[in-house]
Amino acid sequence: MEKRILLIIGGGVAAYKSLELIRRLRERGAAVRVVMTQAAQHFITPLAAGAISGERVFTDLFDTAQEFDVGHIRLARECDLIIVAPATADLMAKAALGLANDLASAVLLAADKPVLLAPAMNPQMWANPATQRNAAALRASGLGFIGPNEGEMAESGERGIGRMAEPEQIRDAALALLNGGPLKGKRAIVTAGATLEAIDPVRFLSNRSSGKQGYSIASALAAAGAEVTLVTGPTALAAPLGVSTVRVESAREMLAACEAALPADIAVMVAAVADWRPAAVAEEKIKKTEAGIPALSLTENPDILATLSKPGKKRPQLVIGFAAETEKVEAHARAKIARKGCDWILANDVSGDVMGGDKNQILLITRESAETWPLMSKAAVAQKLAQRISETLAGKSAGRG
Ligand code: CTP
C-alpha cells in the first residue's frame with residue numbers, strides 16, 4: 001500500500017535538500033504532503049515544494065481556507081509518518097515544550113504517528129545545552145532522529161556536527177521506520193576508533209583513527225533496521241542514535257565486548273586495533289631515572305577480526321574487515337581475506353588524508369570479486385555498505401529458502 005508521508009520543512013539553508021528528499025521519497029512510491037514554516041519560505045518556495053510533491057503545500061495555521069480544507073489535525077492524522085527536515089533548533093524547542101503557535105508545531109503536537117527529525121543547524125547551536133536538552137526530551141518521548149552529520153556548513157563554511165543528513169539517508173531511515181528496513185531482525189556488531197594500550201597509569205600507545213567511518217556504518221546499519229552494537233575505542237564522537245554503544249579502551253576489552261555481543265549476523269570491524277601492547281603495564285607512573293630511557297617491550301594483541309571469522313556456530317554470516325593500505329591495495333587486501341578468514345575486505349588507500357578526514361575511497365574485495373567505489377563521504381560509504389549487506393543477506397536467505 002502506498003505510504004503517506006507528511007514532510008515538515010523548517011527554516012534553514014538545508015531546506016533546499018528537502019526538495020531532493022521529496023523526489024527520493026516519491027521514487028520509492030511514497031506520497032508526500034508538505035507543511036512549510038514561515039521561516040522555511042525564506043529559503044524555498046511553496047510553489048517549488050508543491051511542484052515536486054505534486055500536492056498542495058500547507059503553510060498557515062490561521063488561514064481559514066487551509067484550515068477548513070484539511071486542518072492541522074487531519075494533516076497529522078492522514079499520514080503514516082511525519083518527517084521534519086530540516087528540524088531547526090527553534091522547531092525542536094517548540095516540539096519539546098509542546099508549543100503549537102504555528103502549523104508545523106501544531107501538527108507535531110497533534111501527531112499520533114512516528115516522527116523522524118533530521119536536525120540541521122550551526123554546530124554551536126546543536127552543541128548548545130538547550131538544544132541537547134530538547135533533543136534528549138524528544139528522544140525520550142519516542143521521536144526518531146537521523147543525523148545531524150559532521151561536515152562543512154553551507155552558510156558559514158564552519159566544520160562540525162550540525163549538517164543535515166543527506167536526502168538518501170533520511171529516506172532510508174524513513175522507509176526503515178515505515179517498513180522495518182531490509183535488515184530487520186538482523187544483529188550487527190561494529191568496531192570503531194582506535195584502541196588505547198596502557199604503558200602506565202598516565203601513558204598509552206594509540207593511533208590517529210577518528211572513529212567516523214565505524215560510527216557512520218553503525219548508524220547506517222541501524223537505519224536499515226538492524227539491531228546494532230557499536231564497540232568503540234575512545235573517540236570525540238557522540239554515540240549514534242538507535243545503536244547500543246559499548247565504550248572500551250584496549251584491544252582485549254574490544255574483543256571481550258564483541259564476543260559478549262554474539263550471536264550476530266553481521267560483523268564489521270572498522271576499528272584501528274593496536275597490533276601490539278606493552279608487555280606489562282607499570283602500576284605507578286614511570287619516572288625519569290639515572291638508568292636512562294626505559295625500553296618498551298611489546299606483546300601481540302588478539303586479532304578481533306580473525307577471532308570473529310573463525311568457523312563455528314557463533315560465526316556471523318557476514319564478517320567484514322577494513323584494510324588500510326598505502327600500496328598494492330588489492331593484492332594486500334586479498335591476502336588479508338585469506339589470512340583472517342573474513343568474507344569481505346573494504347580496502348582503502350590511506351596514503352592521503354583518509355584517517356581523520358571525511359572522505360574515503362574504497363575497493364570492496366569479496367572472495368569472488370573486486371569493485372572500486374568512487375571517492376565519497378564516509379557517510380555515503382556507510383550507506384552503500386549497508387545496502388550491499390542488505391542485498392547479500394536477502395540473496396543468501398532467498399537461496400536457502
Ligand atoms: N583488526 C582486528 N584486530 C586486530 C587488528 C586488526 O580486528 N588486532 C581488524 C581491523 O579492524 C580491520 C582489519 O583487521 O578490519 C585490519 O587488519 P590489519 O591486519 O590490522 O591490517 P592493517 O592495519 O590494515 O595493515 P597491516 O596488514 O599492514 O598490518
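Starting from 1, each residue takes its place in the sequence as its number. Just so you know, ligand 1 is whichever comes first in the structure, and atom 1 is the first atom listed for that ligand.
Taking a cutoff of 4.0 Å between a charged side-chain nitrogen and a carboxylate oxygen, Arg23 and Glu20 qualify as a salt bridge. Between Glu168 and Arg171 there is no salt bridge, since no side-chain nitrogen of the basic residue lies less than 4.0 Å from a carboxylate oxygen of the acidic one.
Near Ala323, meaning under 4.0 Å from any of its heavy atoms, are these atoms of ligand 1: 24 (O). Atoms of ligand 1 found under 4.0 Å from any heavy atom of Gly321 (numbered from 1 in listed order, with element): 15 (O).
Residue contact annotation: Lys340 has a non-hydrogen atom under 4.0 Å from ligand 1.
With respect to atom 20 (O) of ligand 1, the closest heavy atom belonging to the protein is Asp275 OD1, 3.8 Å. Closest to atom 5 (C) of ligand 1, if we only count protein heavy atoms, is Val273 CB, 3.7 Å. Of all protein heavy atoms, the one lying nearest to atom 7 (O) of ligand 1 is Leu305 N, 2.8 Å.
Residue-level proximity to ligand 1 for Asn301 is absent, since no heavy atom of it falls below 4.0 angstrom. At a heavy-atom distance under 4.0 Å, no atom of Ala306 approaches ligand 1.
Looking at Ala335, Ala347, Ala271 and measuring to atom 11 (O) of ligand 1, the nearest heavy atom belongs to Ala271. The residue among Arg339, Arg252, Met254, Lys336 with a heavy atom at the shortest distance from atom 24 (O) of ligand 1 is Lys336. Selection from Ala267, Ala251, Pro302 by nearest heavy atom to atom 8 (N) of ligand 1 gives Pro302.
With hydrogens and angles ignored, the 3.5 Å screen pairs no side-chain donor or acceptor of Glu197 with any backbone N or O of Leu205. Between the Thr191 side chain and the Ala271 main chain, a donor and an acceptor come within less than 3.5 Å of each other.
Remark: ligand 1 and Ile304 share an N or O pair separated by less than 3.5 Å (distance only, no angle test). Considering backbone and side-chain atoms alike, Phe322 places an N or O below 3.5 Å from some N or O of ligand 1. Looking at Ala274 next to ligand 1, no N or O pair under 3.5 Å apart turns up.
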How far apart are the C-alpha atoms of Glu158 and Asn122, what are their side-chain angles, what is the distance that settles it, and do they pass the side chain to side chain donor-acceptor pair (under 3.5 Å) test? CA-CA 8 Å; Glu158 265 176 79; Asn122 169 279; 3.2 Å; yes
Given the rule in the side chain to side chain donor-acceptor pair (under 3.5 Å) test, do Asn301 and Arg277 qualify, once you have shown the distances and angles that lead to the verdict? CA-CA 6 Å; Asn301 261 333; Arg277 66 175 184 275; 2.9 Å; yes
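Among Val329, Val381, Leu375, the one residue that satisfies the side chain to side chain contact (heavy atoms under 4.5 Å, CB included) test with Gln361 is Leu375. Here the options are Arg388, Lys336, Arg315, the test is salt bridge (charged side-chain N to carboxylate O under 4.0 Å, His left out), and the partner is Asp343; only Arg315 passes.
The structure places CG of Asn134 at 6.5 Å from CG of Leu97, a figure rounded to the nearest 0.5 Å.
There is no protein heavy atom less than 4.0 angstrom from atom 28 (O) of ligand 1.
Side-chain atoms of Asp102 and Ser105 form a donor-acceptor pair, as typed in the model, at a separation below 3.5 Å.
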